[in-house]
Amino acid sequence: MQNLLHNLNPEQLAAVTLPAQSALILAGAGSGKTRVLTTRIAWLIQTQQVSPAGIMAVTFTNKAAKEMLARLSAMLPMSTRGMWVGTFHGLCNRLLRTHYRDAALPQTFQILDSQDQLSVIKRLLKANNIDDEKYPPKTLMYFINNAKDQGLRAHQVEAHDPIERKLVELYEIYDLQCQREGVVDFAELLLRSYELLARNQPLREHYQQRFRHILVDEFQDTNDLQYNWLKLLAGHNVVGGGALFAVGDDDQSIYAFRGANVGNMAAFEREFRVQNLIKLEQNYRSHGHILDSANMLISNNSKRLGKNLRTDAGHGEPVRIYEASSDLEEAQWIIEEAKSLMAEGSARRDIAILYRSNAQSRVIEQKLFAAGLPYIVYGGQRYFQRAEVKHVIAYLQLMDNPHNDSAFLRVVNFPTRGIGSRSIEQLQAAAGQQGISLYAAVPHVAGKAGSSLANFVRLIEGARFETTQLPLPEMVRVVLEASGLLAHYQGEKDGTDRVENVEQMVSAATHFVQEEGFGQNAPAHLGPRAQAQSGAPIVSEDGIEIFDADAPLPTVMSPLSAFLSHASLEAGDAQAQAGQDALQLMTVHSAKGLEFDAVFITGLEEGLFPHESSAREMDGVDEERRLMYVAITRAKKRLYMSFTQTRMLHGQTRYNMKSRFFDELPEEALKWLSPRVQSHWSGNKKSAWDEPVFAGGSDNKIAHQIAQKASSGPGWRIGESVAHAKFGEGVIVNLEGSGSNARAQINFGRAGVKVLDLSVAKLDRVGR
DNA sequence: ATTTTCTCCATTTTT
DNA sequence: TGGAGAAAAT
């Protein structure tokens with residue numbers, strides 16, 4: 001106990017030991033948020049305020065959930081059995097598996113990932129003869145997910161025009177189709193379990209009674225449906241409801257584009273009448289100059305809950321800023337700097353190179369490759385998303401739930417077995433007419449097509465009966481053989497990677513069975529669920545079936561069903577070599593939650609960061625600023641920022657101005673490394689700007705004035721920076737005409753792109 | 001049934 | 001510019 005609270009700062013201690021009421025913890029970057037969350041749980045249990053079974057902890061990613069669980073089991077002497085720790089989707093899946101009947105789902109319902117969902121939608125559009133030019137599948141998918149994220153079923157969505165009315169209609173058909181197939185998409189997991197709790201009073205009360213403490217991480221990322229789900233579970237406005245402990249940082253809200261609503265923080269404070277708002281402002285990560293930069297930048301946002309990070313570490317190194325002439329030169333500079341950092345003793349894995357959009361990584365990768373430096377790019381394809389792995393999964397899905405049409409179509413003719421598009425069309429017609437699945441429609445197709453389809457059905461049935469008694473990994477092994485997948489990839493040239501990936505499914509299954517305790521002979525120490533005896537449903541006084549909420553999943557779910565959920569909900573790691581000692585390349589978004597000794601923030605140009613499309617969105621630039629805030633606060637000791645004059649984008653050279661965010665940083669914390677870089681289009685190699693002029697703050701302004709006086713006059717060139725009285729600073733993007741007809745197309749960034757008559761417009765040269 | 005050619009697109013991402 | 005996905009050609 002003493003041990004537990006040892007080394008917490010006063011704010012952290014206050015948060016950990018709050019009374020059992022709903023509370024909001026505003027936790028700044030690097031303020032020990034996860035530590036507070038886990039210590040709170042441990043403290044509640046150790047002081048006997050609640051048993052592990054009374055606790056639910058919700059996260060957004062599996063990684064966060066795993067980390068929390070790992071830290072908890074290190075902290076607590078007892079088992080974490082009965083505690084519900086997981087992602088929103090994972091916990092909803094658990095709820096729906098346990099109460100599948102009440103949720104009107106088949107026991108073996110399967111989870112569609114985004115890929116599968118899109119394929120269902122494409123199929124649906126085709127089956128209903130909808131013009132996919134007018135209704136692009138992606139648009140419909142976005143429409144459906146958006147509605148579900150707001151908790152709305154098709155009939156609850158208001159349609160304002162004929163297009164929307166059609167989308168609503170298609171949403172309705174989509175849900176019916178999913179129900180027929182026994183599949184649910186990600187948003188459906190949440191909506192279905194929300195509706196389950198909302199409509200089923202005994203069930204709702206059961207869980208409200210049970211979870212005395214619900215703790216939520218990254219609360220600023222919750223969408224409306226997630227917030228309402230939490231409200232329901234926590235028994236908001238219910239006498240004796242549980243306590244909701246929400247931890248978040250409004251300044252790090254960067255997922256509005258996927259439905260996250262920062263407003264949930266303020267709503268929570270108001271609706272739960274939060275007495276205890278605690279701010280964690282002590283930062284344990286970054287040096288002073290870095291933190292000052294972050295603080296000043298974010299102070300430009302309005303609508304903040306308000307927070308200022310502080311550190312006990314000194315100022316540290318200044319933030320270094322570099323202007324490059326091109327994206328290639330920027331990449332080269334990064335490599336030189338990274339090399340010198342490494343020469344000073346930095347490990348490669350402690351250096352991160354961040355960018356706003358994925359496309360920016362290419363140039364950097366090329367230069368890194370040429371320099372022979374090892375690197376890892378985050379993001380990309382996950383293990384369970386790979387085509388060959390999805391094929392294996394499709395066979396397994398059909399064995400568990402043959403009505404999954406997506407799975408059926410994926411493998412009915414893979415490896416090829418003479419079932420062409422004509423046969424499939426026939427089958428789809430039959431299935432559509434009867435309102436049944438493709439699998440069920442097979443007997444309705446006559447002729448040669450019918451018999452090859454029947455053979456496929458026999459293959460699936462055979463595999464199922466053969467493997468009913470087998471442990472999961474052996475089941476997978478049989479499927480690899482029986483499906484012909486393994487042979488197919490073995491016979492493929494350059495197929496070694498695929499053979500490897502496909503065979504790895506067996507070890508993935510082995511690993512899963514051990515981890516989750518599904519094996520009959522799983523040793524008792526392996527996991528809480530392994531120790532449980534098979535539990536029978538408990539029937540409440542109302543006669544409603546309430547399973548023992550601690551019932552191990554094996555009692556409600558077959559190992560295969562569980563494994564398939566796992567494959568959908570935990571796509572696996574994208575980068576196999578993660579953790580290796582290599583430079584870390586990633587988008588700013590994926591850097592959230594991570595920290596590095598040294599960080600490069602690249603491409604800080606108007607239009608790129610902040611991104612131009614953010615200008616169109618409500619509070620878009622504020623969100624970009626929060627993104628920049630996240631980027632800055634990743635750095636512990638060294639922070640570099642760079643921008644370029646020219647950049648290749650979509651096959652065209654673009655001339656950009658430096659990001660407005662530079663104007664929002666404290667000058668005393670910055671060190672400008674380069675003068676205005678010698679422009680490659682200028683013949684004059686010996687300009688005044690070859691010498692470093694910008695040592696920092698005040699010098700900068702003086703240099704700026706001198707530059708304007710020294711070089712105003714005609715003879716404009718593309719790429720040159722200019723100043724206009726009304727539009728401010730801009731970059732010449734194009735020149736047209738000559739003499740008195742000469743006009744310049746100028747990108748003024750915030751003011752947009754203007755075409756100005758050079759004989760009329762008063763322009764000044766700018767040396768930044 | 002596979003390979004080649006064309007067309008389209010282009011923030012950010014987890015589940 | 002370059003990658004993915006679809007249509008077209010062998």
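What's counted below: heavy atoms across the whole structure, side chains too, no hydrogens, waters or symmetry copies. Naming convention: chains lettered A, B, ... in sequence-line order (proteins, then strands); numbering from 1 in each chain.
Considering only residues two or more places apart in sequence or on other chains, A:Phe60 meets the ring pair (Phe, Tyr, Trp, His ring centres under 6.0 Å) condition with A:Phe88. Applying the side-chain contact (heavy atoms from CB on, under 4.5 Å) test to A:Thr496 and every residue at least two apart in sequence or in another chain returns nothing. Judged as a ring pair (Phe, Tyr, Trp, His ring centres under 6.0 Å), and not counting sequence neighbours, A:Tyr194 has no contacts. Residues that satisfy the side-chain contact (heavy atoms from CB on, under 4.5 Å) test with A:His488, not counting sequence neighbours, are A:Phe414, A:Pro415, A:Glu492. In terms of the salt bridge (charged side-chain N to carboxylate O under 4.0 Å, His left out) criterion, residue partners of A:Glu181 (sequence neighbours excluded) are, by chain and number, A:Arg123. Evaluation of the side-chain contact (heavy atoms from CB on, under 4.5 Å) rule for A:Asp249 yields A:Asp251, A:Gln252, A:Lys307, A:Tyr629 as partners, not counting sequence neighbours. Taking the side-chain contact (heavy atoms from CB on, under 4.5 Å) definition, one finds that A:Val621 meets it with A:Ser614, A:Arg625, A:Arg660, sequence neighbours left out. The ring pair (Phe, Tyr, Trp, His ring centres under 6.0 Å) test applied to A:Tyr171 returns no partner, not counting sequence neighbours.
With its glycosidic angle more than 90° from 0, B:dT4 adopts the anti conformation.
In this structure, A:Arg647 forms no cation-pi arrangement with A:Tyr655, as its terminal cationic atom is not both closer than 6.0 Å to the ring centre and no more than 45° off the ring axis.
In plain terms, the two heavy atoms of A:Thr87 and A:Val58 that are nearest each other are C-CG1, 4.2 Å.
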Legend entry - Nucleotide pairing, DNA chain B (Watson-Crick or G-U, distances under 3.5 Å), in dot-bracket with [ ] and |: ||||||||||.....

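Counting to the nearest Å, the P atom of B:dT12 and the CG atom of A:Leu354 are 14 Å from each other.
Between A:Asp250 and A:Lys303 there is no salt bridge, since no side-chain N of the basic residue sits under 4.0 Å from a carboxylate O of the acidic one.
DNA chain B is contacted by A:His611, A:Ser613, A:Glu617, A:Glu624 of residues 606-635 of chain A, taking any non-hydrogen atom closer than 4.0 Å.
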Inset, instruction - Spell out protein contact along nucleotides 1-10 of chain C as letters: B when the base is contacted, S when just the sugar-phosphate is, - when no protein heavy atom is under 4.0 Å; keep the 5' to 3' order. - result: BS---S----

Each nucleotide N or O in nucleotides 13-15 of chain B that has a protein N or O under 3.5 Å away: list the pair and distance.
residue, atom, partner, partner atom, Å
B:dT13, OP1, A:Thr587, OG1, 2.8
B:dT13, OP2, A:Asn358, ND2, 3.4
B:dT14, O4', A:Arg258, NH1, 3.4
B:dT15, OP1, A:Asn62, N, 2.8
B:dT15, OP1, A:Asn62, ND2, 3.2
B:dT15, O2, A:His89, NE2, 3.4
B:dT15, O4, A:Ser114, OG, 2.8

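Looking only at side-chain heavy atoms (C-beta outward), A:Pro610 and A:Arg356 stay at 4.5 Å or farther from each other.
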